[in-house]
Number of protein chains: 2
Amino acid sequence: MLLSKACIYGMRASLFMAAMHKQNRQFVPIREVSDSLDLSFHFLTKILQQLTAAGLMESYKGPKGGIALSRPPKEIMLIEIVTAIDGDALFTECVLGLPGCGHKKACPLHDKWAYTREAIQIMFNSTSLEELASKGKRMNLRLSDELTMEDLIKSV
Amino acid sequence: MLLSKACIYGMRASLFMAAMHKQNRQFVPIREVSDSLDLSFHFLTKILQQLTAAGLMESYKGPKGGIALSRPPKEIMLIEIVTAIDGDALFTECVLGLPGCGHKKACPLHDKWAYTREAIQIMFNSTSLEELASKGKRMNLRLSDELTMEDLIKSV
DNA sequence: TCTATTTAAGACTTATTTGTCTTTAATATA
DNA sequence: TATATTAAAGACAAATAAGTCTTAAATAGA
Ligand code: FES
Ligand code: FES
């Protein structure tokens, strides 16, 4: 599996927040996110705490509280979410699991893997939440098992 | 993590066997592989059983027994080992974990991920055990924490 | 035939990830 | 000030992955 479940849920929630962004909302309650995306509320809460700890989201307690992206979706790249939750092992470690991946201590797959993992990194590094949210709205793509982004935005 | 530990160990063992191939050896005892690569003997045994079940290796019981690649290393591609142990989820499933990845039910990341995962697949699909074994010998690359392929071959 | 060697099979344990539940702290509003 | 609402924190449980151990079956060689 490329990404952990926690990371996947964190990305889905971030995309949801990006889609919400221009809906004149301030803070969105986590319960609303978890219900919309059909995720465990408590599990998602813990994941979002990692994102707020990483400075990607802000949270506010009490009535009218919830979470919000700390920057405009255009300025948040997917790789920030991935590394905040899964770390950067995917982009730095040996594909054969040997310690200290690098030119100096290479395994037989090093050159090919270094090239391929850079392609993966570029994918996450060059994709913003805004790009995916607007594409998702325009083409009516889905963010949960059956519901599209338009469905989700309407339903709240 | 891109590949499971079981898959990684299976690849390391397969590369070891490819390096052994022209050493006039018939069957190599699993104990020799696990000792050389510093892997758990019993855990490796279970992994190798998956590879023999998939037809990639042959095994023989008793004295002079052990395991052997069932085809010349040139004809065994890495992707066969990966899919035998980890399945093809990495090459078929949605990066956001949604069921039924495909054009018809796309998520916002689908196009980019479909492209990237194909690059990963091509890497495994176009790399043979022979290529890695000969490169590893030629450039004296490592297959375990500290030991290079030459070290390993000499040590048996 | 007997013994030592080796893989096969499966029960079992440990570690990690995933998911649930309860309590606490902060805050808006009445 | 009292109450309802919300995130934070952390204990707890379940599921999965990783690793260990024991016994059985096959086979070479004495
Ligand atoms: S050393 Fe193995 S991928 Fe770099
Ligand atoms: S539907 Fe998400 S990657 Fe294909």
Side-chain angles (χ1 to χ4, degrees), chain A residues 1-13 17 25-70 82 85-87 89-90 96-97 156, chain B residues 1-13 17 25-70 82 84-87 89-90 93 96-97 156:
Chain A
M1 191 185 320
L2 191 79
L3 306 172
S4 69
K5 298 262 187 180
C7 186
I8 287 172
Y9 298 163
M11 286 180 51
R12 301 231 288 257
M17 291 303 294
R25 298 291 302 272
Q26 312 292 337
F27 290 97
V28 177
I30 297 175
R31 180 121 254 152
E32 206 171 280
V33 183
S34 64
D35 282 355
S36 296
L37 298 176
D38 199 30
L39 300 175
S40 152
F41 166 74
H42 289 290
F43 191 33
L44 182 61
T45 294
K46 290 205 301 191
I47 296 163
L48 291 172
Q49 280 171 26
Q50 295 184 263
L51 295 182
T52 59
L56 294 169
M57 296 225 187
E58 288 172 12
S59 68
Y60 200 80
K61 288 179 181 172
K64 305 283 174 182
I67 57 163
L69 295 171
S70 63
V82 171
I85 297 171
D86 277 355
L90 181 62
L96 290 184
V156 296
Chain B
M1 194 186 316
L2 192 80
L3 305 172
S4 69
K5 299 263 183 172
C7 187
I8 286 172
Y9 298 163
M11 286 181 51
R12 300 231 289 255
M17 292 303 295
R25 299 291 301 272
Q26 313 294 336
F27 289 97
V28 177
I30 297 176
R31 180 121 255 151
E32 205 171 281
V33 183
S34 65
D35 283 354
S36 298
L37 298 177
D38 198 30
L39 301 174
S40 151
F41 167 74
H42 290 290
F43 191 32
L44 182 60
T45 295
K46 290 204 304 189
I47 296 163
L48 292 172
Q49 280 170 25
Q50 294 184 262
L51 295 181
T52 59
L56 294 169
M57 296 222 184
E58 286 171 13
S59 68
Y60 200 79
K61 288 178 183 174
K64 305 282 174 184
I67 57 164
L69 295 171
S70 62
V82 172
I85 297 171
D86 276 356
L90 182 62
E93 290 190 356
L96 290 184
V156 295

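Note on naming: letters A, B, ... go to the chains in the order of the sequence lines (proteins, then strands), and numbering restarts at 1 for each one. Given the structure is predicted, the values throughout are model-derived calculations rather than measurements. Side chains are part of it too, since the values below use all heavy atoms of this structure and drop only hydrogens, waters and symmetry mates.
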Output the rounded distance in Å from CD1 (A:I47) to C1' (C:dT20). 13 Å
Produce a footprint string for nucleotides 2-13 of chain D: one letter per nucleotide, 5' end first; B if the base is under 4.0 Å from any protein heavy atom, S if only the sugar-phosphate is, - if neither. --BBBBB--B--
For B:F43 and C:dT14, give me the distance from atom CZ to atom P, rounded to whole Å. 16 Å
Quick one: B:I8 CD1 to D:dA17 P, roughly how many Å, whole number? 14 Å
So does A:D38 have more than 12 non-hydrogen atoms from other groups sitting under 6.0 Å from CG? no
Taking B:L56's backbone N and O only, do any of them form a donor-acceptor pair with B:S70's side chain (distance below 3.5 Å, no angle check)? yes
Under 4.0 Å between a side-chain N or O of B:Y9 and OP1 or OP2 of D:dG19? yes
How long is the line joining CZ of A:R12 and P of C:dT18, in whole Å? 13 Å
Round to the nearest Å and state the distance from A:D38 atom CG to C:dG19 atom P. 11 Å
Rounded to the nearest 0.5 Å, what's the gap from CG on A:L48 to CD1 on A:I67? Could you check? 4.5 Å
In whole angstrom, give the distance that lies between atom CE of A:M1 and atom C1' of D:dA15. 12 Å
Would you mind reading off the distance between B:L3 atom CG and D:dA17 atom P, rounded to a whole angstrom? 14 Å
Find the distance between OG (B:S34) and CD1 (B:I47) and round it off to the nearest 0.5 Å. 11.0 Å
Within less than 4.0 Å of OP1 or OP2 of D:dG19, is there a side-chain N or O belonging to B:S40? no
Listed by chain and number, what are the salt bridge (charged side-chain N to carboxylate O under 4.0 Å, His left out) partners of A:E32, not counting sequence neighbours? A:R25
Looking at NZ of A:K5 and CD1 of A:I85, how far apart are the two atoms once the value is rounded to the nearest 0.5 Å? 14.5 Å
In whole angstrom, what separates B:E58's CD from D:dA26's P? 18 Å
